[in-house]
Amino acid sequence: MITYVRAARRSWAEPRRDPYWLAGAFLLAYAALSLARYRRMETLSWDLGIFEQAVRGYAHLRAPIADIKGPGANVLGDHFSPIVALLAPPYRIFPTPVTLLVAQAALFAFAIVPITRVAAHLLGRRPGLAIGAAYGLSWGVQRAVQFDFHEIAFAMPLLALSLEAVLRGRWWAAMAWALPLVLVKEDMGLTAAAIGCVVALRARRDPARSRVVPCAVALVAFGVASTVLALLVVIPAFNGGGYGYWQKLTGHGVHGARHVPPGIAIRTVLWTLVPTSGLYALRSPLVLVAVPTLGWRLVSQDEHYWGIHWHYSAVLMPVVLLALVDAVARTRARTDGPRWTRAYAARLPAAVAVAALALTTTLPLGALLHWGTYRVDARTVAVKRLLRKIPDGATVECDVAPISRLTRRTTVYWIGDAKGVTPDYLTFRLRSLPSGDPLGFAHALHPTAHYREVARAGGYVVLAREQGSGALWTGS
């Protein structure tokens, strides 16, 4: 027994195992937060339901139809994210939104391994652990975990592995890990192109540059071409129209569209650079990889993209932190320059870890320290019991909160956007009704159908379509 304990202690103390222990701890934390929010029905958006519908299609070897976006809508006509199909096998075994939430937690946590590994390699064990912890606690990652699920989770380990290879001078590996980014989302082709630019810059002094630099330039061209092709050809081919998000760049058709106020733009950039690197990341060319994501967000005229909420900043976290690692390592390697610069750089890994920990008290992971996070109140229990009155296989039109409870076993449509479908059931929050009359609201949505109230609980109501009223949509 004593021998076993000593062996376990040596294993724990082994430096090369640090990234894996750290990643495992954050996997548990992310999963605990996501599952606690799921149990309390604190879904922030319809995206978890959309992705579950798409993954369910992949799992059954069908098209990734997301009826929440509109009856029969192919999710590839919204965003080009075929990499999500990788979740089909585990979802086929465990057909629940929990599968998506745990997978996202694992993808976010796995990125800690290459980040911590290369930081320890270049800066030492303790600074490496500090950088890994700073990533795990970073506000961008925490906001993304809070968001429930998004395809950008797949970008996190790819970015971390690619930039780790850049910092180690493994140019071919860096480019190989960057290539799959074009399958994550249509804008990530530009991020892959930015990695190609960084490789071309860093490989100029490499003896093998005659082969590496042309391939890096090819990666730049491939990344840009992939984004252009996705926007102009692939996505329109799946939706029979065009790219639906152009209007958010141009402002046409967006209510209250306006350009990002300078103050908000500056604040977003400072939040991205200051708590994660003390602005020191600006001394590394790796920070160029963050430019495409920040660029399209700040050019957009949709205010949801501008700030520090939601999931949009998650992909910036590994980039900025590894840019910090690169900048600190380069400063250490130089013997010239001001002494204060080297002293400042030496303290930054610990400083960003402390900053991330301090900010966590006001961020989602901080909730894990409160008992209320793990409790499900009576109102939520009543709503869950209410939703069980909807039978499996039914068609349902609902708002945000019930979506993730129904997509596994029913066909779900977004409230008010069923477009020709007369669903079997309606369920929505009573407080959101302008008139307070659920049957009147149902009649306004579907004038040819007649609904009756099944039950109400926890501020929600379930309505059932009476037999023989309305016409069921059969598709094309």
Would you call [X] and [Y] a side-chain contact if the rule is heavy atoms closer than 4.5 Å?
| X | Y | value |
| --- | --- | --- |
| Ile68 | Gln53 | yes |
| Glu397 | Thr427 | no |
| Met156 | Pro318 | yes |
| Ile235 | Leu76 | no |
| Asp148 | Tyr38 | no |
| Pro97 | Phe149 | no |
| Ile195 | Trp177 | no |
| Arg332 | Arg342 | no |

On a heavy-atom basis, which atom in [X] and which in [Y] lie closest, and how many Å separate them?
| X | Y | value |
| --- | --- | --- |
| Asp417 | Lys69 | OD2-O, 4.0 Å |
| Ala153 | Leu107 | O-CB, 3.5 Å |
| Leu123 | Pro127 | O-CG, 3.5 Å |
| Ala165 | Ala174 | CB-N, 3.4 Å |

Rounded at 0.5 Å granularity, tell me how far [atom1] in [X] sits from [atom2] in [Y].
| X | Y | atom1 | atom2 | value |
| --- | --- | --- | --- | --- |
| Leu294 | Trp306 | CG | CH2 | 15.0 Å |
| Leu158 | Thr191 | CG | OG1 | 11.5 Å |
| Ile65 | Asn74 | CD1 | CG | 4.5 Å |
| Leu22 | Ile131 | CG | CD1 | 11.5 Å |
| Glu186 | His79 | CD | NE2 | 5.5 Å |

Below 6.0 angstrom between ring centroids: does that apply to [X] and [Y]?
| X | Y | result |
| --- | --- | --- |
| Tyr280 | Tyr344 | yes |
| Tyr305 | Trp296 | yes |
| Phe51 | His150 | yes |
| Phe428 | Phe441 | yes |

Is any NZ, NE, NH1 or NH2 atom of the basic residue among [X] and [Y] found under 4.0 Å from an Asp or Glu carboxylate oxygen of the other?
| X | Y | answer |
| --- | --- | --- |
| Asp326 | Arg202 | yes |
| Arg117 | Glu164 | yes |
| Asp377 | Arg375 | no |

**Q.** From CA spacing to verdict: side chain to side chain contact (heavy atoms under 4.5 Å, CB included), Asp78, Tyr243
**A.** CA-CA 7 Å; Asp78 184 51; Tyr243 183 56; over 6 Å; no
Q: Kindly indicate, with the supporting measurements, whether the criterion side chain to side chain contact (heavy atoms under 4.5 Å, CB included) is fulfilled by Leu48 and Leu101.
A: CA-CA 9 Å; Leu48 178 59; Leu101 296 175; 4.1 Å; yes
Q.
Go through it in stages, so that I can follow the logic: the residues are Gln142 and Phe108, the test is side chain to side chain contact (heavy atoms under 4.5 Å, CB included), and I'd like the CA-CA distance, side-chain angles, deciding distance and then a yes or no.
A. CA-CA 10 Å; Gln142 292 197 49; Phe108 281 147; over 6 Å; no
Q: Would you tell me whether Arg40 and Thr373 have side-chain atoms, one donor and one acceptor, within less than 3.5 Å of each other?
A: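 No - no donor-acceptor pair under 3.5 Å links their side chains.
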Q. Ignoring hydrogens and geometry, is there a side-chain-to-backbone donor-acceptor pair from Thr43 to Ser45 under 3.5 Å?
A.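 No; judged by distance alone, with no hydrogens or angles, the pair does not exist.
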